[in-house]
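Residue numbers begin at 1 in each chain, while the letters A, B, ... track the order of the sequences.
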There are 2 protein chains.
Amino acid sequence: MLEAKLREAALLKKLLDAIKELVTDANFECNEEGINLQAMDNSHVALVAVALEAAGFRSFRCDRPMPLGVNLTSLTKVLKCAKDDDIVTLKAADEADVLNLVYEAKNSDRIAEYDMKLMDIDADQLGIPDTEYEARVTMPAAEFTRIVRDLSLLGESVRIEVSKEGIRFTSEGEAANGNVLLKHTEGKIGKVQTKDEDEGEGSTQKTKVKEEKDDDVEMDEDQEQEFKPTSDDEGEDEQDKDEDEDEDSGKSKKRKKKANGAEKPSKKAKTKKGDDEDDQAVVIEMNQHVSLTFSLKYLVNFSKSASLSAKVQLMMSNDVPLLVSYDWDNGYIRYYLAPKIGDE
Amino acid sequence: MLEAKLREAALLKKLLDAIKELVTDANFECNEEGINLQAMDNSHVALVAVALEAAGFRSFRCDRPMPLGVNLTSLTKVLKCAKDDDIVTLKAADEADVLNLVYEAKNSDRIAEYDMKLMDIDADQLGIPDTEYEARVTMPAAEFTRIVRDLSLLGESVRIEVSKEGIRFTSEGEAANGNVLLKHTEGKIGKVQTKDEDEGEGSTQKTKVKEEKDDDVEMDEDQEQEFKPTSDDEGEDEQDKDEDEDEDSGKSKKRKKKANGAEKPSKKAKTKKGDDEDDQAVVIEMNQHVSLTFSLKYLVNFSKSASLSAKVQLMMSNDVPLLVSYDWDNGYIRYYLAPKIGDE
DNA sequence: CATGGGTACC
DNA sequence: GGTACCCATG
């Protein structure tokens, strides 16, 4: 059976808001390490992967692996019945056909309980590519949202190019053409191509941009592995969280830093202020110039996850799917989208 | 060629929001004095005139007069891609078929560039009447917005009457009739019928109430005349821009004075405080009682310009088009609307 | 009150 | 597929 208690209903609510338009039904794969969801979007063009690591719950127990087939529209409705700061407990018996959700008001005597019907869903375990990306761009999630929203007013697709100059988003439309260039933030630049240190953080992803020796630091020992590609995918991308270990050998610091999606700034000050600054930084790491074209409709959809993390990472290599990753403590949501070829 | 740099994208954004529903295509007439736009609304019932004087730009260069035919829907989309505080640079080569817009984030490393296609638009130079109005009412723009919005819920048209009592807006509908009376603000009353002194300010308008010899002018000559009754109006009110050549030899002074739409208070203190109070004042200036009926649909539309100026001026004479004017530093937007006759 | 998103209609 | 209208959210 599963019994997982989450500190705040807000996380689940935001998560559902982020994916409910992309996916209607999906299996929440529960096991002792946490809860994972992987699904193709309704038109089978994009892939979404969500991880909620056991460590991110106030308490988590799952005796054996169990898939919970959920209709996301139903779950969204049920979650709307929770207040953002309610403590949510998810419970499901083995072989159960319902998921029980209990909402407890933080302070009080209000207890709400819902039973949502489950369904059998073909577990199309999608193989998520373990690509080593040629370029990784970390930027404020709100900036990404703004850019794709803006450009979607002009055309249907966007060409994303990463060079040492920075990252450029270009869209061509009937009425106008436009492009937005984000230069890497000063002080962050050194990192380009040097991504070492990223590792750390718990929910980090592993996408490394090319090898780097960076990897340095471990940081994670304990937590870090959280979501990790399970054991096998290792090494691949982690995204977000690269905290910076870089040189900072003091890992301990790293750990605490990121609170929601925040990364840590590179060597800069780790003060709160430092973190805030970091959220605003644009960090470009690349091994070679990449240029890919994507459907803006999907990117706009992905950008709804900005409520989950202040930063977003874009991982790219020519001719392979883009990985858009939003990370937070003990969890992440990643989207994969194949590039358009030619002028389709 | 044209190269005009605007301090804040917000001005253009608000301007487009104000007129995009009224006009779909229009020529932005650029010359060394600034940028002007004049167009009939889509149903050819109302006329809108916008002026952005060169002095209002951070830098402005326009070698020769050039009309830029713009689809306002496209421009609106492109402007939505700018943040309110972005610095916008408008560029167009002679004979160009595209307008280039560059947005620079105040602080940073974000640079966005758009190329919007231009089109050829019949320059229907509309003759703007140089009426000497019998009544001029200056009131808070928000108040005007509220009144026309309220009355539009009741009926389709509104009768506006100006008397020494004040200005009364009356609407009759199937479900209810209603009227709103605004009395002139104490202390401002003296101005009624005495409008002299207004001139000053840079962007003043010239609408004088009553006689004035102003009329002047054709307007178009070069630009100055633009809309103002040109120099002659002196003494009367100017509203916006008249920069004045008029008599004021000291034009210079005028120029700087008005900041956003504000007129100058009459002789009262010009202190900031004074100006703020002034924004809330209702000033009635009239030579005779006027009573005119207009379509509320258009007035509601005009009132969207309230974001551009804290004050609005209504200029009226019986049986001639109403002039609704919003003025700000170095620019204005004016609307002309013919009264309804009988009970059409 | 305004802006954005979604749904329906052309 | 695009545009317009209505509803909901901030």
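Residues that satisfy the side-chain hydrogen bond (donor to acceptor under 3.5 Å, both in side chains) test with Glu104(A), not counting sequence neighbours, are absent from this structure. The side-chain hydrogen bond (donor to acceptor under 3.5 Å, both in side chains) check on Asn177(B) picks up nothing, with sequence neighbours excluded. In this structure Tyr335(B) satisfies the ring pair (Phe, Tyr, Trp, His ring centres under 6.0 Å) test together with Phe302(B), sequence neighbours excluded. Looking at residues two or more places apart in sequence or on another chain, you find no side-chain hydrogen bond (donor to acceptor under 3.5 Å, both in side chains) involving Arg7(B). In terms of the side-chain hydrogen bond (donor to acceptor under 3.5 Å, both in side chains) criterion, residue partners of Ser74(B) (sequence neighbours excluded) are, by chain and number, Asn71(B).
Rounded to a whole Å, the CG atom of Asn42(B) is 11 Å from the P atom of dA4(D).
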Please produce a list of atom pairs where a protein N or O lies less than 3.5 Å from an N or O of nucleotides 2-10 of chain C.
| unit_1 | atom_1 | unit_2 | atom_2 | d |
| --- | --- | --- | --- | --- |
| dG4(C) | OP1 | Arg149(A) | NH2 | 3.3 |
| dG6(C) | OP1 | Glu21(A) | OE1 | 3.4 |
| dG6(C) | OP1 | Glu21(A) | OE2 | 2.7 |

